[in-house]
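Because only heavy atoms are used, hydrogens play no part in the values below, and waters and symmetry mates are left out as well, while side chains stay in. In listed order, ligands and their atoms are each counted from 1. Just so it is clear, the structure is predicted and the values come from calculations on it, not from any experiment.
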Amino acid sequence: MVRAKKVLGLLGYQIGYSLSPVLHNTAFAHLELPYFYTLFEVYPPDLLRTALDGAKALGIVGFNVTTPYKERIVPYLDLLSAEASEVQAVNTILNQDGQWIGYNTDIVGFAEPLLPYQSHLDGSQVVVFGAGGAARAVVQALRQFFKPKHICLVARDESKAALLKEHFERRSKHLSLSTCALDAESLESVLASARVIINATPIGTESTALPQLKTMRLFPAEWKVWSAGKIAYDLVYRPLLTPFLHDAQTHGVTVISGLEMLLAQGAKSFEIWTGQTFPKDIVRTALLQQLSSVCP
Ligand code: NAP
C-alpha cells in the first residue's frame with residue numbers, strides 16, 4: 001500500500017532556482033517525517049486565489065510564498081500572525097483545519113545571522129536595496145531587533161520605496177527613514193556613509209529563467225563604498241558569493257550570504273508546519289553540496 005505524504009511547497013513565479021525543496025525534503029528525510037515539498041509556479045497572478053482554493057480542496061498542508069506574491073497573497077488568507085500583520089507580507093502559510101494562517105518567518109530569519117553584529121548596527125546608517133516583500137521584512141527586523149540610526153531604502157522605482165517608508169513611519173515615530181533612486185547620483189555617498197548594506201532585490205541571482213540578473217550589479221564596482229568595519233548582507237543565496245558580496249569581501253568587509261537567512265527562515269517555517277526541531281547542520285551540508293552543482 002502506498003503511504004500518502006503530506007504536501008507542502010513554494011508558491012511563486014520563475015522559482016526554478018529555489019533551494020527550498022532541498023532544504024525541506026532533506027529535513028523530512030532526516031527526521032523520517034511523511035511530508036513532501038515541491039515548487040508551485042502560479043501565473044498569471046490572477047490565478048493566485050484559485051490556486052489557494054484548489055490547494056485547500058486537495059488538503060495541502062502549507063506553503064512558502066515568494067516573489068511576486070508575498071504581499072499579494074495577504075487578502076486571501078483567513079488569519080495573520082502579529083508579525084505578518086505588521087508588515088502586511090507573508091512568506092509561510094499553514095492550512096489549519098481549512099483556514100489559511102499567514103506568517104512571516106523572513107523577519108526573524110533575516111535578523112538571526114545579523115545578531116552577532118548587533119553593536120555594528122546600533123546607532124549606524126543602513127542601506128537596503130529593494131522595496132518588495134523581503135525589504136519589508138528586512139526593515140521590520142531592523143526595527144524589531146536592532147537600533148539603527150537611519151535606514152535608506154534604494155529602489156529603481158523610488159515611489160515604491162516611498163510607500164514602504166510611509167508604511168513604517170505610520171507604525172514607528174522613532175524610525176528614521178529616507179529613500180533614494182537606484183540611479184541617483186547621490187547613491188555613492190549614501191553607500192559610503194553606511195555601515196551595513198543589504199541587498200533585498202534579486203540582482204546577482206543565478207537563474208536560467210532570468211539569466212540577465214547574474215551579471216547585473218547593484219552599483220558600479222569602481223565606486224568607493226567599502227571600508228573596514230562594514231557589513232554586506234545579500235539575501236540572494238545562489239550563488240553563495242554574489243558579485244556584491246565578492247566585491248565587499250575583496251575589500252576585507254564582513255559578508256553574510258542569503259544562505260544563512262534561507263536556513264533561519266526555513267527552520268521557522270518547518271517548525272510551524274511540523275512542530276519538530278529543524279536539523280540545521282544536516283540541511284546546511286545538503287544545501288552547500290547543491291550550490292556547488294549546476295543551476296537548474
Ligand atoms: P519582490 O517582492 O518581487 O521584490 C523585489 C524587489 O527587487 C522590488 O523592489 C523590485 O523592484 C526589485 N527588483 C527586481 N528586479 C530588479 C532589477 N532587475 N533591478 C532593480 N531592482 C529590481 O521579491 P522579494 O520577495 O522581496 O525578494 C527579493 C529577493 O530576496 C529575491 O531574490 C528573493 O529570492 C530573495 N529572498 C531571499 C530570502 C532568503 O531566505 N535568503 C528570503 C526572502 C527573499 P520593482 O518593484 O520595481 O520590480
> Identify, for atom 3 (O) of ligand 1, the protein heavy atom at the shortest distance, and state residue, atom and that distance.
Thr67 OG1, 2.6 Å
> Any heavy atom of Gly109 closer to ligand 1 than 4.0 angstrom?
no
> When the ring centroid of Tyr233 is compared with that of Phe110, is the distance short of 6.0 Å?
yes
> Going by the order shown, which atoms of ligand 1 are within less than 4.0 Å of some heavy atom of Leu182?
20 (C)
> List every atom of ligand 1 that sits less than 4.0 Å from any heavy atom of Asp106, numbering the atoms from 1 in the order shown and giving each element.
42 (C), 43 (C)
> Do Tyr37 and Phe28 have their ring centres less than 6.0 Å from each other?
no
> If you count the non-hydrogen atoms of other residues, nucleotides and ligands that lie under 6.0 Å from CD in Glu222, is the total more than 12?
yes
> Which residue and non-hydrogen atom of the protein lie closest to atom 48 (O) of ligand 1, and at what distance in Å?
Arg156 NH2, 2.8 Å
> Would you say that Phe270 contacts Val283 through its side chain, given a criterion of any heavy-atom pair below 4.5 Å between the two side chains?
no
> Identify, for atom 14 (C) of ligand 1, the protein heavy atom at the shortest distance, and state residue, atom and that distance.
Pro202 CD, 3.3 Å
> Any atoms of ligand 1 less than 4.0 Å from a non-hydrogen atom of Gly132? List them with their elements.
2 (O), 4 (O), 8 (C), 9 (O), 26 (O)
> Examine the proximity of ligand 1 to Met216 and report which part, side chain or backbone, both or neither, has a heavy atom under 4.0 Å away.
side chain
> For atom 20 (C) of ligand 1, which candidate among Thr105, Thr201, Leu263, Ile203 holds the nearest heavy atom?
Ile203
> Have a look at ligand 1 and work out which part of Tyr17, if any, has a heavy atom under 4.0 Å from it: side chain, backbone, both or neither.
side chain
> Provide the closest heavy-atom pair for Leu245 versus Ile256 in the form atom of the first, atom of the second, distance.
CD1-O, 3.7 Å
> Tell me which protein heavy atom sits closest to atom 26 (O) of ligand 1, plus the residue, atom name and distance to 0.1 Å.
Ala134 N, 2.7 Å
> Kindly give the heavy-atom pair with the smallest separation between Ala248 and Val255, and that separation in Å.
CB-CG1, 3.8 Å
> Is the ring pair Phe244/Trp226 parallel, tilted or perpendicular, if the boundaries are 30 and 60 degrees?
tilted
> Please list the nearest protein heavy atom to atom 9 (O) of ligand 1 with its residue and the distance rounded to 0.1 Å.
Ala131 N, 2.8 Å
> So, regarding Val236 and ligand 1 (criterion: nitrogen or oxygen to nitrogen or oxygen, under 3.5 Å), is there a contact or not?
no
> Do NZ/NE/NH1/NH2 and the carboxylate oxygens of Glu86 and Arg143 come within less than 4.0 Å?
yes
> How far is atom 41 (N) of ligand 1 from its nearest protein heavy atom, and which residue and atom is that?
Leu235 O, 2.8 Å
> Give the numbers and elements of all ligand 1 atoms closer than 4.0 Å to a heavy atom of Tyr237.
41 (N)
> Give me the residue, atom name and distance of the protein heavy atom closest to atom 2 (O) of ligand 1.
Gly133 N, 3.1 Å
> Assess Phe110 for proximity to ligand 1: is some non-hydrogen atom of it under 4.0 Å away?
no
> For the side chain of Gln249 and the backbone of Ala232, is there at least one donor-acceptor N/O pair under 3.5 Å apart?
no
> Taking atom types as modelled and ignoring hydrogens, do the side chains of Asn64 and Ser20 form a donor-acceptor contact shorter than 3.5 angstrom?
no
> Within less than 4.0 angstrom of ligand 1, does Ala155 place any heavy atom?
no
> Tell me the nearest of Pro113, Ser20, Ala200, Ala89 to atom 28 (C) of ligand 1, using heavy-atom distances.
Ala200
> Between Glu112 and Lys280 (salt bridge meaning N to carboxylate O under 4.0 Å), is one present in this structure?
yes
> Short list, please: which atoms of ligand 1 are under 4.0 Å from a heavy atom of Gln265?
40 (O)
> Show which atoms of ligand 1 fall inside a sub-4.0 Å distance from at least one heavy-atom site of Lys160.
45 (P), 46 (O), 47 (O)
> Considering all heavy atoms of both residues, which atom of Val61 and which atom of Lys6 are nearest to each other, and what is their separation?
CG2-CB, 3.5 Å
> Please report which non-hydrogen protein atom sits nearest to atom 43 (C) of ligand 1, along with the residue it belongs to and the distance in Å to one decimal place.
Lys70 NZ, 3.1 Å
> Under 3.5 Å, side chain of Arg238 to main-chain N/O of Tyr17, donor-acceptor pair present?
yes
